Amino acid sequence: MKAPADTPTTIDEYIAGFPPEVRPLLEKVRAIIRAAAPDAVETIKYQIPTYVLNGNLVHFGGFKKHIGLYPGAEATTVFAQDLAAYKTSKGAIQFPIDAPIPTTLIRRIVKHRVKEARAKTGKK
């Protein structure tokens, strides 16, 4: 990760800080999230890309050997069977950099989180 003095303020800056071979993976995860949650606001929180919709919706981040997705503990429980092939912990999922990004699974998780966020306000 970057030193605090180089902390990105936008997702574009965040992604630009990674090696060229990792950037397309981060852009792909970003595109999946944006398509599944078009009303969410992009920001940087906890020094990683974050999507906000009625509170934190989902975060993602790049690491040496994986792309992390952070949809929260409830989502990792709901999708536990689908996530069996991936390393997970409470609220976190690791997708190996050397494997295909599970586009459909990420989309389903984000849509689930959008449904949860909208339920908080009664919006559909």
Side-chain angles (χ1 to χ4, degrees):
M1 293 307 242
K2 297 179 178 191
D6 294 336
T7 300
T9 59
T10 68
I11 295 177
D12 288 329
E13 289 176 7
Y14 179 86
I15 291 172
F18 283 84
E21 63 275 9
V22 177
R23 290 180 203 150
L25 300 174
L26 295 170
E27 287 289 1
K28 185 172 188 171
V29 172
R30 180 186 195 185
I32 296 164
I33 295 169
R34 288 173 79 170
D39 296 331
V41 175
E42 288 187 323
T43 190
I44 297 287
K45 288 188 178 183
Y46 311 106
Q47 298 182 355
I48 59 174
T50 300
Y51 290 81
V52 178
L53 183 66
N54 221 11
N56 290 341
L57 186 71
V58 64
H59 314 270
F60 76 93
F63 298 90
K64 187 173 183 176
K65 295 184 179 184
H66 71 275
I67 304 294
L69 184 71
Y70 309 95
E74 192 271 345
T76 56
T77 300
V78 168
F79 290 92
Q81 191 171 7
D82 298 306
L83 295 169
Y86 303 100
K87 184 174 180 182
T88 62
S89 61
K90 186 177 180 182
I93 307 159
Q94 293 183 9
F95 300 115
I97 284 182
D98 61 356
I101 296 293
T103 304
T104 302
L105 178 57
I106 293 172
R107 184 180 302 113
R108 287 178 49 227
I109 291 169
V110 174
K111 284 184 178 255
H112 173 79
R113 292 288 297 130
V114 167
K115 186 177 177 181
E116 287 182 320
R118 290 196 170 137
K120 288 181 184 178
T121 61
K123 293 182 181 178
K124 291 189 178 192

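As the structure is a prediction and not an experimental result, all values here were calculated from the model.
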Q | Matching residue for I101 among L69, L26, I106 - test: side-chain contact (heavy atoms from CB on, under 4.5 Å) | A | I106
Q.
According to a hydrophobic-cluster definition based on side-chain heavy atoms being under 4.5 Å apart (Ile, Leu, Val, Met, Phe, Trp, Tyr only), do I15 and L25 belong together?
A. yes
**Q.** Side chain proximity check, I44 to I11, heavy atoms < 4.5 angstrom
**A.** yes
Q: Keeping to residues at least two apart or across chains, list the salt bridge (charged side-chain N to carboxylate O under 4.0 Å, His left out) pairs with something in residues 84-111.
A: D82-R108
Q) Partners of Y70 by ring-ring contact (aromatic ring centres under 6.0 Å, His included), sequence neighbours excluded? A) none
Q: From the options L105, T104, T103, select the one residue that forms a side-chain contact (heavy atoms from CB on, under 4.5 Å) with I32.
A: T103
Q | Single-linkage hydrophobic cluster, 4.5 Å side-chain cutoff, L83 and V78 together | A | yes
Q: Just say parallel, tilted or perpendicular for the rings of F95 and Y86, cut-offs at 30° and 60°.
A: perpendicular
Q) Rounded to the nearest 0.5 Å, how far does OG1 of T50 lie from CZ of F60? A) 9.0 Å
Q | Atom pair CD (Q94) and CZ (F63), whose distance is rounded to the nearest 0.5 Å | A | 8.0 Å
Q) Transitively linked via ILVMFWY side-chain contacts under 4.5 Å: V52 with I109? A) no
Q) How would you list, by chain and number, every residue that makes a side-chain contact (heavy atoms from CB on, under 4.5 Å) with S89, sequence neighbours excluded? A) A92
Q: Hey, could you give me each pair passing salt bridge (charged side-chain N to carboxylate O under 4.0 Å, His left out) that has a residue in residues 31-47? Not counting sequence neighbours.
A: R30-E42, R34-E42, D39-R118
Q. Any donor-acceptor pair under 3.5 Å linking the side chain of E27 with the backbone of R23?
A. no
Q.
So T88 and F79, do their side chains get closer than 4.5 Å, heavy atoms only?
A. no
(Q) Please give me the minimum heavy-atom distance between L57 and A37, naming the atom from each residue. (A) CD2-CB, 3.6 Å
Q: Can you see which heavy atom on G61 is nearest to which on Y14, and at what distance?
A: CA-OH, 3.2 Å
Q) Looking only at heavy atoms, which two atoms of G91 and P71 are closest? And how far apart? A) O-CD, 3.4 Å
Q: Scan residues 62-80 for pairs that pass salt bridge (charged side-chain N to carboxylate O under 4.0 Å, His left out), counting only residues two or more places apart or in two chains.
A: none
Q | Nearest-0.5 Å distance, CD1 of residue I48 to NE2 of residue H59 | A | 6.0 Å
**Q.** Counterpart residues, side chain to side chain donor-acceptor pair (under 3.5 Å), relative to T76 (two or more places apart)
**A.** none
Q: Could you tell me which non-hydrogen atom of A117 sits nearest to which non-hydrogen atom of N54, and how far apart they are?
A: O-ND2, 2.8 Å
